Amino acid sequence: PEEIETRWQARWAAQPELYAAEPASSSKPKYYVLEMLPYPSGQLHMGHVRNYAIGDALARYMWMQGYNVLHPMGWDAFGLPAENAAIKNNTPPRQWTQKNIAAMKQQMNRLGLSYDWAREVTTCLPDYYRWNQWFFLRMYERGLAYRKQSKVNWCPECQTVLANEQVINGYCWRHEDTLVEQRELEQWFLRTTQYAQELLNGLDKLDAWPERVRTMQRNWIGRSEGATVAFTIEGRSDLVKVFTTRIDTIYGATSLQLAPEHPLIRAFAEANPELATQVAALITEQEHAREAGDVGGIEKHGVFTGNYAINPFTQERVPVWAANYVLLDYGTGAIMSVPAHDERDYDFASKYGIAIKQVIRETGTAEAQPLPFTSEDGVLVDSGEWTGMSCTEAQQKMTAFAKQKGFGEATITFRLKDWGVSRQRYWGTPIPMLYCKRDGIVPVPDDHLPVLLPQNVEITQEGGSPLAKLPGFVNAVCPKCGGPARRETDTMDTFVDSSWYFYRYTSAKNDKAPFDTTAVAYWFPIDQYIGGVEHAILHLIYSRFWTKVMRDLGLIKNDEPAARLFTQGMVIKNGAKMSKSKGNVVSPDEMIARYGADAARMYSLFAAPPDRDLDWQEDGVAGVSRFLSRVYRFVMRHAEMARASSGAMGAVPAEATALVRKLHQTIRKITQDFGGRWHFNTSIAAIMELMNELTAADASIAEGRIPPPVVANVLESLVLMLAPFAPHLSSELWEQIGRSDAVLRHPWPKFDEALACEDETEVPVQINGKLRALIRVEVDISREALEAAARADERVQAALAGKTVVKVIVVPGKLINFVVR
RNA sequence: GCCCGGAUGGCGAAAUCGGCAGACGCAGCGGACUUAAAAUCCGCGGGCCCGAAAGGGCUGUGGGGGUUCAAGUCCCCCUCCGGGCACCA
């Protein structure tokens with residue numbers, strides 16, 4: 001393999017036009033296939049190999065089906081590892097990154113992947129990140145980028161802020177053992193919440209995305225429909241607004257529970273030192289729970305503030321509490337507690353002796369239900385004028401009433417929060433903003449872009465942005481007043497880079513705009529996007545958001561970036577995901593050196609369906625490698641015969657019908673697999689079966705009983721069908737059988753349904769559902785003839801002897817079952 | 001707790017519509033070739049039982065129940081494994 005593969009790789013490198021997408025004027029239909037771009041760590045791992053093997057097989061197949069294929073690759077090149085490496089090896093991040101890119105690109109080429117390298121995108125280069133800045137300015141103009149003081153997630157290891165999406169169970173997504181702290185900082189945010197509803201709605205239309213990903217996104221967006229209701233505070237002029245999805249239970253509200261950080265609690269605490277101490281304890285408990293990574297498991301604690309609110313529906317006094325389980329940043333940071341109809345409120349009320357008042361009863365029964373009764377399938381009781389209404393009716397009418405009286409309104413709450421994009425790191429896109437004493441926040445004018453990332457920076461992990469220590473970077477001139485200004489020293493979250501990179505591929509060299517809008521109009525949406533399910537939330541929500549923003553900027557027409565999404569399974573070894581810490585990493589280089597790129601790629605498609613986890617077994621790679629050698633030896637043995645014949649089949653003698661039938665069945669199977677379920681493991685198994693059939697026919701071929709045109713035709717199709725999976729071997733054999741065009745541009749073989757059709761088949765004969773005989777019959781045999789044939793079989797006769805046939809089930813061509821007594 | 005997946009030989013897996021369970025490959029065993037080994041080629045192969053063999057019987061897709069002439073596949077209940085979400089009001 002090494003010799004053949006490196007020879008072909010050299011040839012492909014010398015003719016980049018082979019993998020180059022044609023311009024929009026192409027007469028072919030377009031097909032954009034994309035694998036998620038990697039972080040340039042310097043080493044491909046098996047997960048990458050699997051991802052790219054899937055994408056490359058599809059790209060090659062689509063070329064052969066006559067499509068104009070766009071299949072690009074790039075580098076998600078900003079990020080923390082480059083800075084860590086810089087500290088460790090005293091290498092500038094840019095050098096380290098570019099060295100890694102070169103190494104990985106070389107590995108990709110050694111895998112024989114069909115990328116259009118002329119469109120390569122590297123996100124850490126100014127010709128790319130200047131457009132991050134440009135987009136940021138457009139968002140700023142529209143109020144989609146804004147600055148605010150807020151509590152943020154801070155990873156002490158990264159020494160930077162993290163987005164909510166990057167915090168996993170209280171831990172940093174990059175440092176599984178590092179707890180995320182909360183800090184109060186001025187940060188830039190992108191207003192993802194403005195698109196929350198549209199991001200949610202769009203999921204319904206993405207029916208070619210995995211249901212799992214759509215569900216995860218729905219959960220993440222977390223839409224909740226309800227109402228806000230304002231309670232007045234006794235003896236004060238201000239109000240407390242609560243958010244509830246169960247306004248129908250408001251007659252059962254027996255307390256208000258507020259987040260400990262709630263402004264009203266703060267106000268109460270200021271006047272009451274004892275309360276202040278207790279509230280502080282609640283806040284500490286919340287922080288501890290967060291630090292323990294178990295926010296949900298915290299024991300519920302509360303403190304009565306000594307104050308009362310007035311329920312606007314009942315005019316009843318309800319006590320106001322501060323509770324450690326109420327979150328300031330969800331809803332209004334305050335809830336009405338209805339113990340009779342909420343599990344958590346019930347526990348809390350029981351613990352503190354707060355009144356429990358039932359106001360909902362199950363429809364159709366007069367009996368009391370055990371509390372809490374949380375079903376919404378019920379009727380209101382003890383609820384004044386609303387008594388007797390169903391929950392759903394009451395929800396609507398009571399909300400309308402609250403609105404009319406001015407103390408409440410229908411409200412939709414999302415769990416999704418705005419995207420904090422500021423990072424106190426060096427290796428990222430500088431945020432193009434200035435701070436002027438006179439003019440405040442001033443955006444960098446477009447014609448000053450890009451704000452270049454300085455090259456010679458001392459990187460430490462002492463906290464704060466490294467850029468802040470460079471006077472030459474920080475000190476700038478205010479574009480408005482010409483006075484001195486301070487430059488923003490935070491950089492952008494690297495997820496900004498990957499939110500729109502796939503648009504850049506359509507015109508990667510454009511220096512006038514982020515991309516050529518006509519090229520995007522031609523190529524988008526992406527026809528097939530392929531990557532790991534670990535990006536189901538982060539990258540795939542951000543990039544959907546970015547697409548909607550770009551659409552509203554008038555740059556693109558599509559609402560969604562990718563029409564189809566495929567999430568491949570993980571690569572597992574010895575029961576665990578391959579990782580350095582588990583010590584079960586298999587190096588792609590080693591596999592390629594030992595078995596060749598074709599075998600490594602083909603095995604990664606053969607070992608499991610692509611959406612399932614793949615258990616890496618080196619013996620399996622060896623098996624695929626043996627198979628490829630078998631194909632090579634066989635085709636070479638008969639290459640002469642194939643060379644002398646054009647590939648038109650001609651007449652098929654009886655001895656060749658089985659082989660020809662198998663060929664057409666194989667073409668049909670693989671064509672259908674590509675168009676449908678993508679179970680390439682069975683596609684490859686089908687090619688193996690065809691090879692087995694060929695091996696069986698070896699003597700007939702050698703002795704001339706199968707005509708050369710038939711042999712040529714079968715070999716030609718075999719080689720073509722291998723092309724998506726084993727492109728090097730396929731190209732080599734294509735040439736060896738005397739074909740001079742590129743396999744990639746040769747039409748995919750067509751199957752003939754008539755030739756694929758069996759004329760005889762074995763039909764199982766069952767007696768009471770148990771297999772008793774197999775009979776050989778014509779495929780299109782009639783019911784009567786099939787039954788007669790079955791009854792004629794001696795094993796069947798023996799089994800039926802002395803029994804009464806009650807019923808006969810005949811499925812023509814499939815099965816026959818005698819029900820006997 | 002809620003929401004998705006999944007469980008099939010010694011192993012990875014197949015069975016697209018309810019119709020022969022285990023295709024294809026790995027490991028294994030037997031044979032051919034070889035002085036020998038490797039490579040290659042041919043053959044066998046779920047389990048239990050009867051049989052010298054040919055062959056035959058029973059049983060078998062995580063467990064229990066059901067529908068059906070027929071269930072890996074459909075329905076109900078349960079167990080285990082993986083993933084996601086989780087004081088979300």
Side-chain angles (χ1 to χ4, degrees), chain A residues 168-169 210-220 222-224 226 242-246 249 257 259 286 289 294-300 323-327 329-338 342-345 347-348 413-415 533-534 536-537 569-570 572 575 577 603 606-609 611-624 626-627 629-630 633 669 672-673 676-677 679 681-689 691-692 695-696 698 761-774 795 806-811 813-820:
Chain A
I168 296 142
N169 282 332
E211 190 51 53
R212 181 157 63 129
V213 172
R214 295 198 283 165
T215 307
M216 282 163 70
Q217 293 208 357
R218 278 192 197 101
N219 289 342
W220 189 262
R223 184 181 192 273
S224 179
V242 303
F243 173 68
T244 177
T245 54
R246 292 298 305 275
T249 65
Q257 303 290 340
Q286 277 188 335
D294 184 22
V295 183
I298 182 176
E299 197 183 335
K300 291 164 188 52
N324 67 357
Y325 68 91
V326 180
L327 307 171
D329 56 0
Y330 182 78
T332 58
I335 60 167
M336 62 176 205
S337 176
V338 185
D342 182 277
E343 204 89 39
R344 204 185 42 212
D345 293 344
D347 293 344
F348 192 85
T413 297
F414 292 95
R415 211 184 73 104
V533 73
E534 65 272 20
I537 298 179
M570 288 187 299
I572 302 281
K577 185 180 175 171
Y603 171 72
F606 177 64
D611 52 338
R612 290 249 291 263
D613 287 350
L614 182 155
D615 189 282
W616 192 272
Q617 298 186 352
E618 195 174 326
D619 287 340
V621 192
V624 170
R626 270 202 292 274
F627 166 70
S629 302
R630 224 149 63 84
R633 284 192 304 269
K669 160 96 180 108
Q672 286 171 353
D673 278 344
R677 294 195 311 160
H679 279 198
N681 52 333
T682 61
S683 306
I684 293 165
I687 300 178
M688 289 173 170
E689 285 185 59
M691 191 58 222
N692 290 344
T695 307
D698 200 18
T761 185
E762 285 209 318
V763 172
V765 182
Q766 298 181 337
I767 303 212
N768 284 348
K770 293 215 158 124
L771 181 70
R772 281 295 175 270
L774 288 169
R795 288 161 297 184
V806 181
K807 196 173 175 185
V808 185
I809 312 284
V810 184
V811 188
K814 270 275 158 72
L815 167 139
I816 177 160
N817 187 12
F818 292 94
V819 185
V820 301

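In what follows, every chain begins at residue 1, and chains take the letters A, B, ... in the order their sequences are listed. Keep in mind that what you see is a predicted model, and the values were worked out from it rather than measured.
At distances below 3.5 Å, at least one donor-acceptor pair connects side-chain atoms of A:Asn768 with backbone N or O atoms of A:Val820. The closest donor-acceptor contact from the side chain of A:Asp345 to the backbone of A:Val338 lies under 3.5 Å. Remark: side-chain polar atoms of A:Arg415 are not paired, donor with acceptor, to backbone N or O of A:Ser224 under 3.5 angstrom.
Sequence order on RNA chain B of the closest nucleotides to A:Tyr325 and A:Ala696 puts A:Ala696 first from the 5' end. Place A:Ala686 and A:Met336 on RNA chain B by their nearest nucleotides, and A:Ala686 ends up nearer the 5' end.
Across the protein-nucleic acid pair, A:Asn692 atom CG and B:rC41 atom P stand 10 Å apart, rounded to whole Å. Atom CE in A:Met570 sits about 7 Å away from atom P in B:rG83, given to the nearest Å. Going from atom CH2 of A:Trp220 over to atom C1' of B:rC3 covers 16 Å, rounded to whole Å. Going from atom CZ of A:Arg630 over to atom C1' of B:rG25 covers 11 Å, rounded to whole Å. Spacing between atom CD of A:Glu343 and atom C1' of B:rA86 amounts to 14 Å, rounded to whole angstrom units. If you measure from atom CG of A:Asp619 to atom P of B:rG25, you get 15 Å, rounded to the nearest angstrom. Atom-to-atom, CG of A:Asp611 to C1' of B:rG83 comes out at 14 Å; the value is rounded to the nearest Å. Going from atom OH of A:Tyr330 over to atom P of B:rA89 covers 4 Å, rounded to whole Å.
As the counterpart of B:rA13, no nucleotide is assigned, since no Watson-Crick or G-U wobble pattern has both distances under 3.5 Å. Taking a pair to require two hydrogen-bonding distances under 3.5 Å in either a Watson-Crick or a G-U wobble arrangement, B:rC48 pairs with B:rG57. B:rG82 and B:rC4 make up a base pair, with Watson-Crick or G-U wobble contacts both under 3.5 Å. With a cut-off of 3.5 Å on both pairing distances, the Watson-Crick or G-U wobble partner of B:rG43 is B:rC29. Applying the Watson-Crick and G-U wobble criteria (two distances, each under 3.5 Å), B:rG18 pairs with nothing in any strand.
By the ring-ring contact (aromatic ring centres under 6.0 Å, His included) test, A:Phe627 pairs with no residue at all, sequence neighbours left out. In this structure A:Lys770 satisfies the side-chain contact (heavy atoms from CB on, under 4.5 Å) test together with A:Arg772, sequence neighbours excluded. With sequence neighbours left out, the side-chain hydrogen bond (donor to acceptor under 3.5 Å, both in side chains) criterion links A:Thr682 to A:Lys669, A:Asp673. In this view, A:Arg218 and A:Asp204, A:Glu211 satisfy the salt bridge (charged side-chain N to carboxylate O under 4.0 Å, His left out) rule, not counting sequence neighbours. Listed by chain and number, the residues in a side-chain hydrogen bond (donor to acceptor under 3.5 Å, both in side chains) with A:Asn324 are A:Glu285 (sequence neighbours excluded). The ring-ring contact (aromatic ring centres under 6.0 Å, His included) search around A:Phe818 returns none, not counting sequence neighbours. Partners of A:Asp347 according to the side-chain hydrogen bond (donor to acceptor under 3.5 Å, both in side chains) rule, which considers only residues two or more places apart in sequence or in another chain, do not exist here. Partners of A:Glu689 under the side-chain hydrogen bond (donor to acceptor under 3.5 Å, both in side chains) rule, at least two apart in sequence or in another chain, are A:Lys662.
Residue contacts for A:Arg218: at a heavy-atom cut-off of 4.0 Å it reaches no nucleic acid atom on any strand shown. Nucleic acid contact class of A:Val326 (heavy atoms, under 4.0 Å, all strands): base. A:Asp345 comes within 4.0 angstrom of no nucleic acid atom, judged by non-hydrogen atoms across all strands. Among the atoms of the strands shown, none is found under 4.0 Å from any heavy atom of A:Ser629. Within 4.0 Å of A:Glu762, counting heavy atoms only, lies at least one base atom of the nucleic acid. Residue A:Gly623 is classed as a sugar-phosphate contact, given heavy-atom separations below 4.0 Å to backbone atoms only.
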Any N/O pairs under 3.5 Å between the protein and nucleotides 58-62 of chain B? List them or say none.
unit_1, atom_1, unit_2, atom_2, d
B:rU59, OP2, A:Lys770, NZ, 3.3

Under-3.5 Å N/O pairs linking protein and nucleotides 65-69 of chain B:
unit_1, atom_1, unit_2, atom_2, d
B:rC69, O2', A:Asn817, ND2, 3.3
B:rC69, O2, A:Asn817, ND2, 2.7

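Between A:Thr215 and the phosphate of B:rC85, there is no side-chain N or O to OP1/OP2 separation shorter than 4.0 Å. In this model, the phosphate group of B:rC88 is approached by a side-chain N or O of A:Arg344 to a distance below 4.0 Å at OP1 or OP2. Residue A:Arg223 places no side-chain N or O under 4.0 Å from the OP1 or OP2 atom of B:rC88.
For the P atoms, the distance linking B:rC29 with B:rG47 amounts to 15 Å, nearest Å. Nucleotides B:rC3 and B:rG9 are separated by 33 Å at their C1' atoms, to the nearest Å. Taking the C1' atom of each, B:rG72 and B:rG46 are spaced 15 Å apart, rounded to whole Å. Here the separation of B:rA21 from B:rG60, taken at their C1' atoms, is 9 Å to the nearest Å. B:rG18 and B:rC74 have their P atoms separated by 8 Å, with the value rounded to a whole Å. Using C1' as the reference atom, B:rA52 and B:rC17 are 47 Å apart when rounded to the nearest Å. Going from the P atom of B:rG25 to that of B:rA36 covers 29 Å, rounded to whole Å. Separation of the P atoms belonging to B:rC20 and B:rU73 is 13 Å when rounded to the nearest angstrom.
Side chain of A:Arg212, nearest nucleotide from B:rC4, B:rG25, B:rU40: B:rC4. Among B:rG25, B:rC88, B:rA89, the nucleotide with an atom closest to any side-chain atom of A:Thr244 is B:rA89. Checking B:rG84, B:rC20, B:rG19 against the side-chain heavy atoms of A:Met216 singles out B:rG84 as nearest. Checked against B:rA89, B:rU40, B:rG84, the side chain of A:Asn219 finds its nearest nucleotide in B:rG84.
We find the CD-CD1 distance between A:Gln766 and A:Ile809 to be 10.0 Å, quoted to the nearest 0.5 Å.
Inter-residue side-chain proximity for A:Arg630 and A:Thr695 is flagged as met; some heavy-atom pair is nearer than 4.5 Å. For the pair A:Ile687 and A:Phe606, the minimum side-chain heavy-atom distance is 4.5 Å or more.
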Item to check | Nucleic acid footprint by protein, nucleotides 10-17 of chain B - heavy-atom cut-off 4.0 Å, B for base, S for sugar-phosphate alone | outcome: -SBSSSS-
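B:rC4 takes the anti form, because its glycosidic angle lies more than 90° either side of 0. Look at B:rG9: its glycosidic torsion is within 90° of 0, and that puts it in the syn range.
Each side chain to side chain donor-acceptor pair (under 3.5 Å) pair with one or both residues in residues 612-623 of chain A, not counting sequence neighbours, appears once here: A:Arg594-A:Glu618, A:Tyr595-A:Glu618, A:Asp615-A:Gln617.
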